[in-house]
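Counting from 1, the numbers follow the sequence of the chain as shown. What you see is a predicted model, and the numbers here were worked out from it, not measured in a lab.
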Amino acid sequence: QFILSVVGKLRKLRRMPGDELSFRIRDKIYGYCDRVRWRGGLMPKLHFDAPVGSLFDDCCLLLPGSKWLEQQQRQSDVVTIPARVSSRTKTLINDELDRIQRRCEELLKGESQLLGVTYRLNPCEWMLDPKSGHRFEGVYCDGINTHQHGGDAIDVKHPWELSRHQFIVQLAQAWVVRRDNRAATMAVEMIDDWIEKNPPMVGINWTSALEIAIRSISWIWTLACLHSWDNWSDGVLVRQSFGWRVRGVVFSVKSDSLF
């Protein structure tokens with residue numbers, strides 16, 4: 001089986017255009033050099049001068065419907081449906097609002113169903129495949145083998161799915177439509193916990209530019225929805241602002257592998 005695998009890879013390399021082969025070789029060399037620098041503590045430090053407050057403004061500008069969201073967040077009450085809306089539309093809106101609240105209550109219990117697997121959210125194991133019980137190592141991301149298909153059926157999509165943070169957006173939505181302070185608190189705490197447990201370029205959740213991009217979209221929606229939340233602390237704001245900008249730098253570097 002090993003020999004067949006090697007032969008298959010050699011055939012694949014022979015079919016590659018010269019430019020693509022050159023790019024892949026260069027990318028491997030750069031990845032190896034970065035891994036050596038990371039092990040030696042020689043990776044460059046990232047510094048950002050942008051004000052923390054601009055984080056919310058940037059997210060709102062990128063969010064579809066941001067004008068409605070800004071108007072809604074000026075109000076202290078929950079979402080109200082205009083009188084001119086038809087009864088059928090009102091029913092659809094109320095059903096959606098109820099769905100958001102039900103989903104919020106499910107998440108507040110500390111568990112979530114993703115890909116048919118139950119994930120524990122408190123505490124959250126961001127590098128764990130809950131189906132197999134395998135925990136990916138916290139080493140430099142380019143040194144992690146994402147295709148580990150042994151007898152224990154390790155699957156990288158499980159920690160990736162959790163770290164896409166799409167369920168956190170649902171918590172932020174509950175704050176917008178119901179002013180549920182529990183939901184806003186949990187959303188902020190989970191992003192803050194992810195930043196603490198997933199340092200830049202360390203672990204399985206930094207291996208894919210696509211996953212970084214999806215997580216960034218979730219953060220945009222979450223932070224824009226929580227723009228007017230009153231319980232932001234200075235420490236959390238600084239960490240999330242730094243984490244957001246680190247994500248942009250890393251994605252710009254790794255995104256070449258998508259094309």
A.B. asks: Roughly how far, to the nearest 0.5 Å, is NZ of Lys157 from CG of Leu115?
C.D. replies: 6.0 Å
A.B. asks: Tell me, please, which residues at least two apart from Arg120 pass side-chain contact (heavy atoms from CB on, under 4.5 Å).
C.D. replies: Pro123
A.B. asks: With side-chain hydrogen bond (donor to acceptor under 3.5 Å, both in side chains) as the test, would you mind laying out the steps for Glu211 and Asn205 before giving the verdict?
C.D. replies: CA-CA 7 Å; Glu211 297 302 317; Asn205 295 311; over 6 Å; no
A.B. asks: Counting distance only, does the side-chain N/O of Trp221 pair as donor-acceptor with the main-chain N or O of Ser216 below 3.5 Å?
C.D. replies: no
A.B. asks: Is the terminal nitrogen or CZ of Arg215 (NZ for Lys, CZ for Arg) located under 6.0 angstrom from the six-membered ring centre of Trp219 and within 45° of that ring's axis?
C.D. replies: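 No cation-pi geometry.
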A.B. asks: Quick one: closest heavy-atom pair of Arg182 and Leu108, and the distance?
C.D. replies: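 Nearest heavy atoms, Arg182 then Leu108: CZ-CD1, 3.4 Å.
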A.B. asks: Quick one: do Leu128 and Phe136 end up in the same hydrophobic cluster if we chain Ile, Leu, Val, Met, Phe, Trp and Tyr together by side-chain heavy atoms under 4.5 Å apart?
C.D. replies: no
A.B. asks: Has the side chain of Asn94 got a donor or acceptor atom that lies under 3.5 Å from a matching backbone atom of Lys90?
C.D. replies: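 It does hold such a pair.
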A.B. asks: Going from CG on Leu171 to CE on Met190, what distance comes out if it is rounded to the nearest 0.5 angstrom?
C.D. replies: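 Leu171 atom CG to Met190 atom CE measures 8.0 Å (nearest 0.5 Å).
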A.B. asks: Do Arg103 and Glu106 meet the salt-bridge criterion of a basic N to acidic O distance under 4.0 Å?
C.D. replies: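 Looking at Arg103 together with Glu106, the answer is yes, because their closest N to O distance falls below 4.0 Å.
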A.B. asks: More than 12 foreign heavy atoms under 6.0 Å from CZ of Arg11: is that the case here?
C.D. replies: no
A.B. asks: Nearest 0.5 Å, what's the CD-OG distance between Gln170 and Ser218?
C.D. replies: 9.5 Å
A.B. asks: Drop me the distance from Arg164's CZ to Ile217's CD1, to the nearest 0.5 angstrom.
C.D. replies: 10.0 Å
A.B. asks: Using a 6.0 Å cut-off, check whether atom CG of Asp95 has over 12 heavy atoms from anything other than its own residue.
C.D. replies: yes
A.B. asks: Measuring centre to centre across the rings, with the benzene-like ring taken for any Trp, is Trp126 within less than 6.0 Å of His165?
C.D. replies: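 Close enough - the centres of the two rings lie under 6.0 Å apart.
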A.B. asks: Regarding Asp129 and Lys131, does a basic nitrogen lie under 4.0 Å from an acidic carboxylate oxygen?
C.D. replies: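 No, Asp129 and Lys131 are not salt-bridged.
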A.B. asks: To the nearest 0.5 angstrom, please state how far the CH2 atom of Trp175 sits from the OG1 atom of Thr185.
C.D. replies: 9.0 Å
A.B. asks: So that I can tick it off, tell me whether Arg102 and Asp98 are bridged by a salt bridge, with the cut-off set at under 4.0 angstrom between side-chain N and carboxylate O.
C.D. replies: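 A salt bridge is absent here (no side-chain N lies under 4.0 Å from a carboxylate O).
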A.B. asks: I'd like to know if the side chain of Trp160 and the backbone of Ile204 have a donor-acceptor N/O pair within less than 3.5 Å.
C.D. replies: yes
A.B. asks: Counting distance only, does the side-chain N/O of Thr207 pair as donor-acceptor with the main-chain N or O of Gly203 below 3.5 Å?
C.D. replies: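 Here the side-chain-to-backbone pair does not exist.
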A.B. asks: What residues form a side-chain contact (heavy atoms from CB on, under 4.5 Å) with Ser86, not counting sequence neighbours?
C.D. replies: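 side-chain contact (heavy atoms from CB on, under 4.5 Å) check on Ser86 returns Arg88, Thr89.
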A.B. asks: Could you check whether any side-chain heavy atom of Asn181 comes within less than 4.5 Å of a side-chain heavy atom of Trp229, counting everything from C-beta outward?
C.D. replies: yes
A.B. asks: Consider only side-chain N and O atoms of Gln113 and Thr118, and report whether a donor and an acceptor are under 3.5 Å apart.
C.D. replies: yes
A.B. asks: What's the separation between atom CG in Leu121 and atom CG in Leu107, rounded to the nearest 0.5 Å?
C.D. replies: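 Nearest 0.5 Å value for the CG-CG distance: 6.5 Å.
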A.B. asks: Side-chain contact, heavy-atom cut-off 4.5 Å: Val139 with Val202?
C.D. replies: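 No - every pair of side-chain heavy atoms lies 4.5 Å or more apart.
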A.B. asks: Could you go through His158 and Tyr119, starting from their C-alpha distance and side-chain angles, then the distance that decides it, and tell me whether this counts as side chain to side chain contact (heavy atoms under 4.5 Å, CB included)?
C.D. replies: CA-CA 9 Å; His158 293 301; Tyr119 293 77; 3.2 Å; yes
A.B. asks: Assess the pair Trp194 and Trp206: is the distance between their ring centroids shorter than 6.0 Å?
C.D. replies: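 Judged by ring-centre distance (under 6.0 Å), Trp194 and Trp206 do meet the cut-off.
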A.B. asks: In terms of hydrophobic clusters joined by side-chain contacts under 4.5 Å, are Leu97 and Leu92 together?
C.D. replies: no
A.B. asks: Considering only heavy atoms from C-beta outward, does the side chain of Leu162 approach that of Cys124 to under 4.5 Å?
C.D. replies: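 SC-SC contact between Leu162 and Cys124 confirmed.
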A.B. asks: Are Asp180 and Arg178 within salt-bridge range, i.e. N to O under 4.0 Å?
C.D. replies: no
